[in-house]
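One structure below.
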Amino acid sequence: MNNHFRETLGVALQHALAHLESLDASSVAATVDLATLRSRLVKPMNQLPMDPGQVVEELVADVRGGILGSAGGRFFGWVIGGSLPAALAADWLTAAWDQNAARYACGPAAAVVEEAAGAWLKEILRLPEAASFAFVTGCQMAHVTCLAAARHGLLAARGWEVEQRGLSGAPAIRLLTSGLRHGSIERAVRLLGLGLDNVIDLPADSQGRLQLPDLERELQRELARPTVVLLQAGDINTGAFDSFPECIAMAKRYGAWVHVDGAIGLWAAASPQYRHLLQGVEQADSWATDGHKWLNVPFDSGYAIVADREAHQASMLHRAPYLITGGDARDEGDWNPEWSRRARGFATYAALRQLGKAGVADMVERCCRHARALVSGIGQLAGTQVLWEPVINQGLVRFLDPCAAANATADHDRYTEAVIARILATGEAFFGPTTWRGVRCMRISVCNWQTSENDVERAVRAVAAAL
Ligand SMILES: *Cc1c(COP(=O)(O)O)cnc(C)c1O
């Protein structure tokens with residue numbers, strides 16, 4: 001029987017290999033514009049069925065030039081990792097197996113793989129073995145999951161069963177942060193009904209850290225209030241780390257729940273060279289991190305880890321008469337915000353197996369080394385100002401307009417944007433802009449397992465040419 005799988009997947013395999021094997025020689029930026037992509041892709045919907053192989057062929061032809069080279073080693077924009085071969089292959093199989101990883105009964109092997117990978121994650125991130133976890137779509141949903149557990153824990157301690165009674169009339173939870181929080185925190189706060197007015201941004205010091213006297217003053221100001229202290233492991237711009245032992249000890253003295261945004265920086269735990277940055281982080285109550293950034297698992301993959309298993313489960317547990325529970329097995333849906341879901345554990349399992357502990361450490365250290373080399377190489381070019389030397393794998397530079405009036409921030413901002421656009425136009429390297437401490441700058445983020453010394457040299461040359 002010809003069910004088309006062999007020929008359709010064969011077409012996909014050939015195109016996937018052609019893409020991955022030409023990354024080194026291709027433009028890392030898009031080479032077509034929005035209008036072109038629309039003119040090719042936004043067609044009238046076909047009335048009649050198409051041959052599946054032809055669907056794939058036409059899709060590949062129509063997206064040409066609109067696929068960024070983020071799977072390769074010269075992509076330094078945002079914080080975006082590539083995919084390890086084993087993780088990509090496992091992800092393909094995940095689609096082929098097409099399990100609904102909601103419960104053990106719907107996908108027994110998927111449930112056990114996730115259980116194993118969750119234990120490995122806690123081990124390599126050096127978080128408490130007894131903590132519960134959830135495999136979610138990204139750090140955004142990891143925040144939602146962790147903060148839902150926090151909401152339960154803080155309010156249950158005040159006699160308020162939030163899942164049953166809702167938030168109306170409940171003591172208002174506040175979040176204290178350094179103000180450098182990632183935008184995904186805000187959305188988690190919005191989704192959970194905590195209210196942005198209850199997020200209190202405290203000043204950060206020159207190293208991007210929450211300051212203890214500010215934290216203590218704020219904790220004392222409203223002693224009875226249920227409070228989440230949000231700490232950062234790897235700030236989005238600078239990779240900065242809060243001082244965990246002091247901040248966590250203080251937060252705990254006042255009965256606060258400590259949540260850590262470790263989307264990037266929690267992975268420093270894998271490296272003997274960098275793990276001192278995370279000293280004490282295991283004392284927090286919940287941690288959110290990503291698989292699709294530094295671990296180089298395909299999108300989408302994030303992890304929520306919660307010390308208080310009961311608070312976690314109370315916020316997520318789902319029971320219905322038609323469900324078959326796993327009994328002794330772990331039902332993923334009892335820890336996750338989704339019902340039907342992709343068997344996300346397979347790719348993470350494969351990534352961790354491919355690298356092993358030594359391989360994760362090596363990848364982390366390599367990315368940090370390349371980030372430092374990029375910042376110092378670019379920093380040596382005339383007209384460049386280094387704003388942030390990488391602590392881990394994130395750095396910041398800007399380009400000074402030689403024609404600018406003295407201290408003309410607006411001129412330098414425009415010039416920086418223009419240089420970034422010229423770098424992208426070379427197709428040799430991809431960097432993104434950001435505003436940091438009031439000035440536009442270029443972010444340098446190295447998260448891809450494939451980035452090599454040669455890629456770093458090519459990128460520095462591309463910046464020199466753009467200047
Ligand atoms: C990327 C990032 C997030 C959001 O993670 P997603 O995986 O995009 O949902 C949160 N915090 C930090 C520090 C990040 O870098």
Side-chain angles (χ1 to χ4, degrees), residues 122 125-134 139 142-158 171-182 184-186 188-189 192 194 198-205 208-235 240-266 268-269 275 277-289 302-312 314-315:
K122 287 182 283 175
L125 299 175
R126 304 181 148 235
L127 298 177
E129 206 183 323
S132 54
F133 60 86
C139 199
H143 288 323
V144 170
T145 305
C146 289
L147 292 176
R151 186 178 69 169
H152 174 91
L154 288 167
L155 293 181
R158 288 158 178 80
I173 296 172
R174 64 177 169 168
L175 270 88
L176 306 180
T177 92
S178 71
L180 295 176
R181 71 201 136 69
H182 188 268
S184 54
I185 292 289
E186 281 177 30
V189 163
L192 291 168
L194 302 180
N198 296 310
V199 179
I200 297 156
D201 291 335
L202 303 171
D205 69 7
R209 292 172 303 211
L210 187 60
Q211 293 170 278
L212 281 179
D214 294 320
L215 179 60
E216 180 141 49
R217 184 171 19 79
E218 211 49 47
L219 285 164
Q220 277 173 351
R221 212 165 55 80
E222 292 179 273
L223 279 174
R225 228 172 129 184
T227 302
V228 174
V229 172
L230 171 77
L231 300 178
Q232 291 216 107
D235 167 72
F241 290 75
D242 276 311
S243 314
F244 299 112
E246 296 81 6
C247 289
I248 295 175
M250 179 178 293
K252 295 270 161 130
R253 265 203 308 284
Y254 289 91
W257 177 291
V258 181
H259 175 62
V260 177
D261 182 349
I264 319 169
L266 223 45
R275 71 172 60 116
L277 295 165
L278 289 163
Q279 197 209 330
V281 79
E282 71 285 351
Q283 300 295 326
D285 296 292
S286 56
W287 306 263
T289 189
Y303 316 114
I305 300 173
V306 182
D308 181 345
R309 301 173 68 86
E310 272 149 41
H312 183 181
S315 62

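Just so we're clear, the structure is a prediction, and the values are computed from it rather than from any experiment.
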Treating [X] as the side-chain partner and [Y] as the backbone partner, does any N or O pair qualify as donor plus acceptor under 3.5 Å?
X: D261; Y: Q232; answer: no
X: R151; Y: L192; answer: yes
X: R309; Y: A130; answer: yes
X: K252; Y: Q283; answer: yes
X: S132; Y: V306; answer: yes
X: R126; Y: R275; answer: no
X: D242; Y: L210; answer: yes
X: W287; Y: V281; answer: yes

Which heavy atom of [X] sits nearest a heavy atom of [Y], and at what distance?
X: G208; Y: S178; answer: O-OG, 4.4 Å
X: V229; Y: A256; answer: CG2-CB, 3.9 Å
X: F244; Y: L277; answer: CE1-O, 3.6 Å
X: F241; Y: A268; answer: CZ-CB, 4.3 Å
X: A233; Y: V260; answer: CB-CG1, 3.9 Å
X: A288; Y: H143; answer: CB-ND1, 3.5 Å

If you round to the nearest 0.5 Å, how far is [atom2] of [Y] from [atom1] of [X]?
X: L231; Y: R181; atom1: CG; atom2: CZ; value: 13.5 Å
X: E216; Y: C247; atom1: CD; atom2: SG; value: 11.0 Å
X: L155; Y: I173; atom1: CG; atom2: CD1; value: 4.0 Å
X: T177; Y: I185; atom1: OG1; atom2: CD1; value: 8.0 Å
X: N198; Y: T227; atom1: CG; atom2: OG1; value: 10.0 Å
X: I305; Y: L266; atom1: CD1; atom2: CG; value: 7.0 Å

When you look at W257 and D308, which way does the side-chain contact (heavy atoms from CB on, under 4.5 Å) test go after all the steps? CA-CA 10 Å; W257 177 291; D308 181 345; 4.2 Å; yes

Over 12 non-hydrogen atoms of neighbours within 6.0 angstrom of [atom1] in [X]:
X: E186; atom1: CD; value: yes
X: E310; atom1: CD; value: no
X: Q220; atom1: CD; value: yes

Item to complete: Show your working on side-chain contact (heavy atoms from CB on, under 4.5 Å) between Y303 and L125 and close with a plain yes or no.
Response: CA-CA 11 Å; Y303 316 114; L125 299 175; 5.6 Å; no

Residues H312, T145; criterion side-chain contact (heavy atoms from CB on, under 4.5 Å); working and verdict: CA-CA 8 Å; H312 183 181; T145 305; 3.6 Å; yes

**Request:** Could I get the full list of salt bridge (Lys or Arg N to Asp or Glu O under 4.0 Å) partners for R217, not counting sequence neighbours?
**Result:**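 Per chain and number, R217 pairs via salt bridge (Lys or Arg N to Asp or Glu O under 4.0 Å) with D214.
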
Mind checking salt bridge (Lys or Arg N to Asp or Glu O under 4.0 Å) for E218 and listing every partner two or more places apart, or none if nothing turns up?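 With neighbours one apart ignored, the set is R221.
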
